[in-house]
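The block underneath contains the structure these notes are about, expressed in structure tokens.
Atoms considered below: every heavy atom in the structure, side chains included; atoms not considered: hydrogens, waters and symmetry mates.
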Amino acid sequence: MATSWIFLSCLYAILTVSHGEMFIDTGHKEQASSPSCSVSDVDGLCDNAKVASLEGFRERKSEQDIMTTNQGIKVVDDDNSEKAGERGPTLMEDFIFREKMTHFDHERIPERVVHARGSAAHGYFQVYKSLANITKANLFQDPTKKTPVFVRFSTAQGFRGSADTVRDVRGFAVKLYTDEGVFDIVGNNMPVFFIQDSHKFPDIVHALKPEPHNEIPQASSAHDTFWDFVTQQTETQHMVIWLMSDRALPRAYANMEALSSFTICMQYFTEFILGFGVHTFRLVDAKGISRFVKFHWKPVLGVHSLVWDEVQKIAGKHPDFNRQQLYDDIENGKYPEWELGLQVVEEADEHKFDFDLLDSTKLIPEELVPVQRVGKLVLNRNPDSYFAEVEQVAFHSANIVPGIDFTNDPLLQGRLFSYLDTQLSRLGGPNFHEIPINQPTCPFRKNNQRDGFHRQTINVGRTSYSVNGINNNLPQPAARNRGFVSIQERVDGHKIRKRSPSFADHFSQATLFWKSMSTPEQDHIVQAYSFELSKVGHVFIRQRLVDQLQNVDATLALRVATNLGLKLSDKADNGFPKTDVKPSPALSQAYTAKDSLLTRKIAVLCADGVDGQAIRELNDTTTNAGAYMKIVSSRMGSLTTADGTEIPIDGTVLSLPSVLFDAVVVAGGADSIKTLQESGDALHYVLEAYVHYKPLAAVGEGVQFLQHIGILSKTKEAALPSGVLTSAQNRLSEDFKERFLSAIAQHRFFDRQRVSAIPA
């Protein structure tokens with residue numbers, strides 16, 4: 001009768017009594033031990049070396065807790081300040097009030113200038129087999145070892161209080177706590193960046209951010225200064241077309257690909273989901289042989305996106321959409337996973353491509369250099385304190401370990417300076433590495449660095465310099481085969497401020513991306529350009545953009561120009577375009593994994609009189625496949641089914657709108673359908689899901705509802721719209737269940753007809 005999904009929505013009791021001892025809720029669900037989760041004896045949550053190292057800093061509630069000041073003085077009254085008489089002035093001697101208020105007044109720290117809006121989780125990385133043939137980095141040697149990680153996802157443009165689902169590049173920053181030190185792979189969910197040289201980073205950020213005279217718009221690139229900049233800095237055009245694509249609207253962090261790319265060029269340019277590293281790095285083996293490498297994070301669940309109308313509505317109805325999904329999935333044991341992929345290029349092949357490996361506005365097509373999947377990243381534990389862990393974590397592209405090295409990428413080189421520089425301001429000085437979340441799990445602080453704000457280490461002894469004879473020259477430098485040694489690279493050249501001619505092609509890879517997209521993806525790109533430029537007030541900026549698009553693709557330029565009411569100029573700017581560009585299918589989401597329901601959300605729309613047996617069958621079918629099912633109605637409380645049983649309602653059509661779900665089911669039951677047909681909210685709910693291309697299913701009398709609103713024809717011979725499934729009977733056949741699950745795994749049906757004619 002009662003179904004398992006009901007209990008997922010219940011709140012855990014704050015106080016639970018067991019054997020006479022009081023336990024306090026930690027805010028987390030206890031986890032089950034599994035290959036993806038080694039459970040801690042302390043709190044019943046997933047554990048690893050880094051998580052365990054934080055235990056000494058955690059403050060846990062216990063039954064014996066007595067309130068104190070920060071100086072340890074027990075507090076008797078926490079409701080009233082000390083006054084001269086009941087109605088008199090507050091006394092200056094009230095040190096308890098002063099401490100409480102002073103601390104409150106200083107709780108905020110500067111937010112990141114970019115990537116301020118973020119979410120994060122703990123987990124581990126595990127290599128599949130030893131990579132000793134290409135790198136000596138310790139974390140890539142032992143397939144039985146799990147290296148602790150802390151991963152932060154973020155949007156780039158908006159302030160910390162902005163929405164998750166804006167059109168934006170997403171940050172994907174991975175901190176690996178290796179046995180040789182901290183290794184940060186700071187990437188994006190897009191494989192390229194706007195600019196080639198870090199000298200332009202302040203300019204692109206200033207142009208992208210809200211305009212300085214009125215601080216509008218928030219978390220949006222749809223304004224004059226952004227498009228004014230990118231249309232005059234044409235190296236941006238490859239990144240811009242990615243920004244106009246579905247990659248800028250990820251369904252969830254677990255559905256983002258990431259590359260170890262440029263994400264923050266000052267933290268104040270902070271961290272950058274698929275995840276890409278953007279930059280080309282080096283792998284170095286034990287013999288000192290170096291190879292070029294690009295890092296990729298490939299989501300196990302595939303790369304899936306939302307649609308533009310949908311994300312705008314989610315931003316208003318549930319601005320924490322992505323971070324809520326990440327948190328809930330981990331709490332429910334549905335751990336997000338990515339595979340680490342490497343594109344490796346031998347040094348001898350550096351110049352065999354028609355682009356420069358050091359150009360961060362270029363990617364290496366997977367058809368030229370296949371991505372080798374070498375390990376898995378699993379996130380299995382939520383932070384205990386958002387501020388202490390997520391807000392204070394400090395990523396830095398220069399945090400590398402032996403076996404990894406830099407290239408001369410001019411964008412990367414600037415990041416190597418700016419990340420460290422910005423932490424000094426944001427986190428209060430040079431000792432931010434001592435903040436618990438930033439501390440390595442291997443021995444550290446073995447050097448002669450001293451003092452500074454918030455220093456916690458108590459260095460014992462007289463010497464703080466090298467070389468010294470008083471302390472036997474301790475700490476001593478490491479042997480060359482045990483520490484970091486930069487590769488020996490001959491560098492020759494005159495001092496010069498100039499780009500290499502190999503960086504001059506600004507349009508060919510934008511063409512590559514456009515040609516690689518499916519028809520629906522191309523339609524979405526056209527719609528995105530049209531929306532963004534319609535928000536630009538200066539006509540000459542719009543004209544400049546459509547003229548430049550002729551260097552990308554003539555059809556793209558014409559379609560956008562038509563939507564903006566513009567005519568294309570006879571002669572476009574010369575962007576050194578190439579005409580013989582072949583598509584790269586790996587860039588399209590049309591070919592992504594579509595074989596799992598894990599973490600998908602299904603809404604069942606119903607009212608009193610619904611068929612309870614069908615709901616129970618749907619619940620068993622979807623939850624067994626790893627999805628979430630929610631009962632949605634016009635009110636809260638519980639529904640009385642046709643067989644007299646009670647089913648709790650998870651939310652209303654207003655509090656759980658269709659945009660928060662991946663699929664919608666209209667359940668059967670004559671009385672339930674009669675009620676829904678009389679509800680304008682219910683009609684809009686289903687029509688909205690339809691125009692967002694989501695799977696729709698109707699069971700029993702639910703078929704009549706779809707006929708009532710015009711989605712289905714009343715003619716039996718008429719074909720069903722793409723992605724719409726029906727079961728005339730309330731009892732579900734195995735064939736219907738299989739087709740239903742397959743449709744949800746497909747995610748969206750962009751070949752659906754009559755979408756533009758529906759007012760939803």
Side-chain angles (χ1 to χ4, degrees), residues 117 155 158 162-170 189 219-222 243-256 273 301-326 518 520-532 535 589-590 592 594 599-603 605 627-628 630 632 651-665 681-696 711 721-724 743-752 754-760:
R117 171 83 175 174
T155 55
S162 58
D164 282 345
T165 57
V166 297
R167 179 178 295 282
D168 203 354
V169 61
R170 298 310 194 277
N189 73 325
S220 172
S221 56
L243 186 64
M244 296 300 103
S245 77
D246 293 343
R247 296 291 187 123
L249 314 172
R251 173 194 171 271
Y253 296 137
N255 295 120
M256 293 196 303
I273 288 179
L301 296 181
V303 183
H304 298 286
S305 297
L306 304 172
V307 296
W308 180 234
D309 180 67
E310 186 180 20
V311 300
Q312 295 179 87
K313 293 174 178 176
I314 294 173
K317 297 183 178 185
H318 191 9
D320 302 302
F321 180 76
N322 290 140
R323 60 165 60 181
Q324 186 78 62
Q325 173 103 44
L326 176 68
S518 63
E521 289 172 311
Q522 289 186 341
D523 291 342
H524 297 165
I525 290 172
V526 171
Q527 292 162 11
Y529 274 115
S530 303
F531 175 89
E532 296 265 321
K535 296 281 190 177
Q589 293 186 45
T592 194
K594 300 176 182 178
T599 77
R600 298 293 172 86
K601 301 173 183 176
I602 299 102
L605 187 62
Y628 302 99
K630 299 290 183 182
V632 180
T652 69
V653 291
L654 298 179
S655 64
L656 288 180
S658 76
V659 291
L660 304 185
F661 292 93
D662 298 291
V664 173
V665 179
D681 288 336
L683 271 60
H684 178 269
Y685 198 97
V686 177
L687 289 172
E688 185 177 56
Y690 184 85
V691 301
H692 292 157
Y693 310 99
K694 297 178 181 181
L696 282 177
I711 288 178
S722 179
V724 177
I744 298 173
Q746 180 70 22
H747 187 53
R748 299 296 165 100
F749 293 84
F750 292 115
D751 58 342
R752 184 173 286 168
R754 295 177 49 248
V755 168
S756 60
I758 294 177

Sequence neighbours left out, what passes salt bridge (charged side-chain N to carboxylate O under 4.0 Å, His left out) with [X]? Give chain and number order.
{"X": "Asp523", "result": "Arg559"}
{"X": "Lys313", "result": "Asp309, Glu688"}
{"X": "Asp168", "result": "none"}
{"X": "Asp320", "result": "Arg117"}

Closest heavy-atom contact between [X] and [Y]?
{"X": "Ala689", "Y": "Val664", "result": "CB-CG2, 3.7 Å"}
{"X": "Val166", "Y": "Arg170", "result": "O-NH2, 2.9 Å"}
{"X": "Ile744", "Y": "Ala663", "result": "CG1-CB, 4.0 Å"}
{"X": "Ser518", "Y": "Ala590", "result": "CB-CB, 4.1 Å"}
{"X": "Ser220", "Y": "Ala222", "result": "OG-N, 3.1 Å"}
{"X": "Val659", "Y": "Ile314", "result": "O-CD1, 3.3 Å"}

Requested in this report: Report the relative orientation of the aromatic rings in Tyr685 and Phe661; use parallel for angles under 30°, tilted for 30 to 60°, perpendicular for over 60°.
Outcome: tilted
Side chains of [X] and [Y]: closer than 4.5 Å at any heavy-atom pair?
{"X": "Pro695", "Y": "Gln746", "value": "no"}
{"X": "Arg600", "Y": "Arg251", "value": "yes"}
{"X": "Arg247", "Y": "Val303", "value": "yes"}
{"X": "Leu660", "Y": "Lys601", "value": "no"}
{"X": "Lys630", "Y": "Ile602", "value": "no"}

Mind checking what makes side chain to side chain donor-acceptor pair (under 3.5 Å) contact with [X], not counting sequence neighbours?
{"X": "Asn322", "result": "none"}
{"X": "Arg748", "result": "Glu310"}
{"X": "Thr165", "result": "none"}
{"X": "Gln312", "result": "none"}

Query - Over 12 non-hydrogen atoms of neighbours within 6.0 angstrom of NZ in Lys594 - result: yes
With sequence neighbours excluded, tell me which residues meet ring-ring contact (aromatic ring centres under 6.0 Å, His included) with [X].
{"X": "His524", "result": "Phe750"}
{"X": "His747", "result": "His304"}
{"X": "Phe749", "result": "none"}

Report task. Mark yes or no for whether Lys694, through its side chain, and Ser658, through its backbone, hold a donor-acceptor pair below 3.5 Å. Result -> yes
Query raised in the report: So, the side chain of Asp164 versus the backbone of Arg323: is there a donor-acceptor pair under 3.5 Å, distance only?
Result: yes
Nearest 0.5 Å, please: how far is [atom2] in [Y] from [atom1] in [X]?
{"X": "Leu306", "Y": "Asp246", "atom1": "CG", "atom2": "CG", "value": "9.0 Å"}
{"X": "Ser221", "Y": "Met244", "atom1": "OG", "atom2": "CE", "value": "4.5 Å"}
{"X": "Ser530", "Y": "Ile525", "atom1": "OG", "atom2": "CD1", "value": "11.5 Å"}
{"X": "Leu605", "Y": "Leu683", "atom1": "CG", "atom2": "CG", "value": "9.5 Å"}

Query raised in the report: Between Val311 and Arg167, is a side-chain contact (heavy atoms from CB on, under 4.5 Å) present by the stated rule, with each step listed?
Result: CA-CA 8 Å; Val311 300; Arg167 179 178 295 282; over 6 Å; no
Report summary line: Sorted by chain and residue number, the side-chain contact (heavy atoms from CB on, under 4.5 Å) partners of Pro721 (sequence neighbours excluded) come out as Tyr690, Ile711, Leu712, Val724
Report task. Classify the side-chain pair Gln589/Thr592 by whether it contains a donor and acceptor separated by less than 3.5 Å. Result -> no
